[in-house]
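Below: one structure, written as structure tokens.
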Amino acid sequence: MLFTSSRTNTSENLYTVAFYNLENLFDIRRDDQILDEDFTPNGIKSWTPKRYGKKIVNLGRAISRIGEKFNEHPPVLIGLSEVENEHVLNDLISTESLSKFGYDIVHFNSPDERGIDTALLYRKNYFKVIQSEAIPLKVYSLDGIVDRTRDILYVYGSLNGEEVHLFINHWPSRRDGDIATAYKRIEAAETIKEYMTELEKTHVDPNYIVMGDFNDDPSSESIKKLVSSRQLYNPMEKMLTPFRGSAQYKRRWNLFDQIIVSHNFFNYEKGTHSFAHANIFDEHFLKEGKGKYKGSPLRTFVGNKYKGGYSDHFPVYIQFKLNT
């Protein structure tokens with residue numbers, strides 16, 4: 001597949017922040033501590049070095065182009081989900097498409113039984129990490145068993161000199177039904193709200209960016225509770241339509257992937273960032289080109305059938321203008 005740049009009307013003053021669910025970015029090695037046997041050369045998915053290498057290259061190319069129509073810089077911050085470990089992240093930032101941009105990594109292993117974690121990639125020339133930690137998400141099944149799900153990644157840092165607080169999420173899935181599992185995602189929202197309350201005891205008017213695969217749409221109770229109670233702004237609210245979203249399930253669009261910000265990103269003081277716009281990065285090269293799933297994300301696998309694509313999710317992004 002030929003990749004050509006389509007950067008037009010770019011602005012040096014715009015900075016892109018993105019989120020991308022990478023659809024099971026596993027290495028090919030067996031790890032006895034997690035359930036990754038399917039993603040090995042002898043596993044059911046025949047996850048060979050060639051297939052792994054192609055996925056890494058694909059994802060690097062896709063990430064480098066997020067927001068390209070308006071911004072000559074690739075993203076300065078990229079929240080990720082469904083990554084196995086730091087090894088795959090290092091492979092990703094070492095690809096030809098990303099290696100020249102000086103990315104670094106924030107990652108912690110989570111208790112998820114499949115071993116899929118959240119992570120942050122950041123460009124060292126623009127963002128400095130001050131503090132980071134994995135916030136445990138304590139949820140239980142209806143029979144009282146602990147749900148070994150993903151932690152929430154918290155990163156406190158300085159973007160072009162302005163302090164920001166990032167929360168990178170991959171909330172519990174709807175595998176057992178959206179209504180039956182909704183309480184888990186509401187608990188995730190409550191966890192972030194409580195953490196913000198503690199932050200505000202020592203930080204005055206903090207800048208928040210909350211991103212992730214929330215496994216809920218913008219209109220879902222969990223997202224609404226988080227946004228309304230913390231006076232946040234969700235630019236993704238009006239993007240979900242019957243014809244567009246970030247992922248499909250049974251040919252129905254969802255917008256589980258979202259980036260939510262605090263209202264102080266609407267000031268225009270010198271040295272601060274102001275919200276410019278948001279979008280779904282659903283360019284044609286990331287889509288199925290034909291058949292009944294035409295227009296949906298071009299996946300790596302559909303079930304156990306290898307498709308050789310990118311991910312079952314489109315990236316989402318927001319862009320900030322640096323006020324000078």
Side-chain angles (χ1 to χ4, degrees), residues 3-23 58-81 97-98 101 120-123 126 159 164 166-169 207-220 223 227 232-248 252-263 265-266 273-288 295-298 309-322:
F3 288 81
T4 58
S5 176
S6 59
R7 297 185 192 275
T8 59
N9 300 319
T10 60
S11 170
E12 292 184 0
N13 253 15
L14 281 180
Y15 293 88
T16 302
V17 175
F19 176 80
Y20 201 1
N21 179 321
L22 300 185
E23 189 201 342
N58 279 352
L59 293 173
R61 287 170 170 167
I63 288 169
S64 74
R65 295 182 60 179
I66 297 173
E68 66 183 359
K69 287 185 178 179
F70 305 100
N71 184 1
E72 62 185 24
H73 303 285
V76 291
L77 298 169
I78 309 133
L80 303 174
S81 67
S97 298
L98 297 181
F101 295 113
L120 176 73
L121 304 184
Y122 65 95
R123 294 182 65 188
Y126 302 97
L159 177 62
V164 296
L166 307 168
F167 296 87
I168 300 159
N169 301 265
N207 296 310
Y208 292 131
I209 303 175
V210 185
M211 66 175 83
D213 174 356
F214 297 100
N215 273 302
D216 268 340
D217 287 318
S219 61
S220 298
I223 300 295
V227 170
L232 303 174
Y233 172 67
N234 188 355
M236 308 289 172
E237 271 191 5
K238 297 180 181 179
M239 291 185 189
L240 178 62
T241 74
F243 313 103
R244 194 179 189 220
S246 63
Q248 273 192 355
R252 176 181 177 271
W253 283 108
N254 293 104
L255 190 53
F256 291 166
D257 308 274
Q258 301 164 59
I259 304 176
I260 301 165
V261 299
S262 50
H263 282 277
F265 282 113
F266 288 89
H273 297 79
S274 57
F275 174 80
H277 59 267
N279 211 341
I280 304 165
F281 189 68
D282 52 359
E283 294 297 311
H284 66 92
F285 71 92
L286 293 174
K287 297 179 180 180
E288 287 278 359
S296 64
L298 181 58
Y310 297 79
S311 172
D312 53 356
H313 290 240
F314 293 133
V316 295
Y317 69 96
I318 61 176
Q319 291 181 321
F320 293 111
K321 180 180 179 182
L322 177 60

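By the side-chain hydrogen bond (donor to acceptor under 3.5 Å, both in side chains) test, Ser262 pairs with Asn264, sequence neighbours left out. With sequence neighbours excluded, the residues that form a side-chain contact (heavy atoms from CB on, under 4.5 Å) with Leu240 are Asp217, Trp253, Leu255. Looking at residues two or more places apart in sequence or on another chain, you find a salt bridge (Lys or Arg N to Asp or Glu O under 4.0 Å) between Glu288 and Lys307. Residues passing the side-chain hydrogen bond (donor to acceptor under 3.5 Å, both in side chains) test with His277, sequence neighbours excluded: Gln319. Residues satisfying the salt bridge (Lys or Arg N to Asp or Glu O under 4.0 Å) criterion with Asp216, sequence neighbours excluded, are Arg174, Arg185. Here Phe214 pairs with Trp171 under the ring pair (Phe, Tyr, Trp, His ring centres under 6.0 Å) rule; sequence neighbours left out. Shown here are the ring pair (Phe, Tyr, Trp, His ring centres under 6.0 Å) partners of Phe265, two or more places apart in sequence or in another chain: Phe320. Residues that satisfy the ring pair (Phe, Tyr, Trp, His ring centres under 6.0 Å) test with Phe256, not counting sequence neighbours, are absent from this structure. Taking the side-chain hydrogen bond (donor to acceptor under 3.5 Å, both in side chains) definition, one finds that Gln258 meets it with Asn234, sequence neighbours left out. A search for side-chain hydrogen bond (donor to acceptor under 3.5 Å, both in side chains) contacts involving Asp257 returns Ser246, His313, not counting sequence neighbours. Scanning for side-chain contact (heavy atoms from CB on, under 4.5 Å) contacts around Ser274 gives Tyr268, Lys321, Asn323, with sequence neighbours left out.
Taking CG of Leu120 as the reference point, atom CG of Leu80 lies at 7.5 Å (rounded to 0.5 Å). Of the inter-residue distances, the one linking Ile259 atom CD1 with Phe275 atom CZ reads 9.5 Å to the nearest 0.5 angstrom. Taking CG of Leu298 as the start and CG of Asn58 as the end, the distance is 8.0 Å to the nearest 0.5 Å. Between the CG atom in Asn207 and the NE2 atom in His273 there is a gap of 9.5 Å [rounded to 0.5 Å]. Note that CG of Leu14 and CD1 of Ile318 are 11.5 Å apart. Values are rounded to the nearest 0.5 Å. One finds the CZ atom of Phe19 at 8.0 Å from the CG atom of Asn169 (value rounded to the nearest 0.5 Å).
For the pair Thr241 (side chain) and Arg244 (backbone), a donor-acceptor distance under 3.5 Å is present. Ser311 contributes a side-chain N or O that, together with a main-chain N or O of Asn21, makes up a donor-acceptor pair within less than 3.5 Å. With hydrogens and angles disregarded, no donor-acceptor distance shorter than 3.5 Å links the side chain of Asn254 to the backbone of Gln248.
No side-chain donor from either of Asp213 and Ser81 sits under 3.5 Å from a side-chain acceptor of the other.
Between Tyr20 and Phe281, the gap from one ring centroid to the other reaches at least 6.0 Å.
Closest approach of Ile66 and Pro315 over heavy atoms only: CD1-CB, 3.7 Å. Smallest separation of non-hydrogen atoms from Ala278 and Met236: CB-CE, 4.1 Å.
Ser220 has its side chain out of reach of Asn215: every pair of non-hydrogen atoms, C-beta onward, lies at least 4.5 Å apart. Looking at Arg123 and Pro74, their side chains come closer than 4.5 Å, going by heavy atoms from C-beta outward. Leu166 has its side chain out of reach of Val17: every pair of non-hydrogen atoms, C-beta onward, lies at least 4.5 Å apart.
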Open item on the list: The test is side chain to side chain contact (heavy atoms under 4.5 Å, CB included); show your working for Thr16 and His73 and say whether it passes.
Closed with: CA-CA 8 Å; Thr16 302; His73 303 285; over 6 Å; no

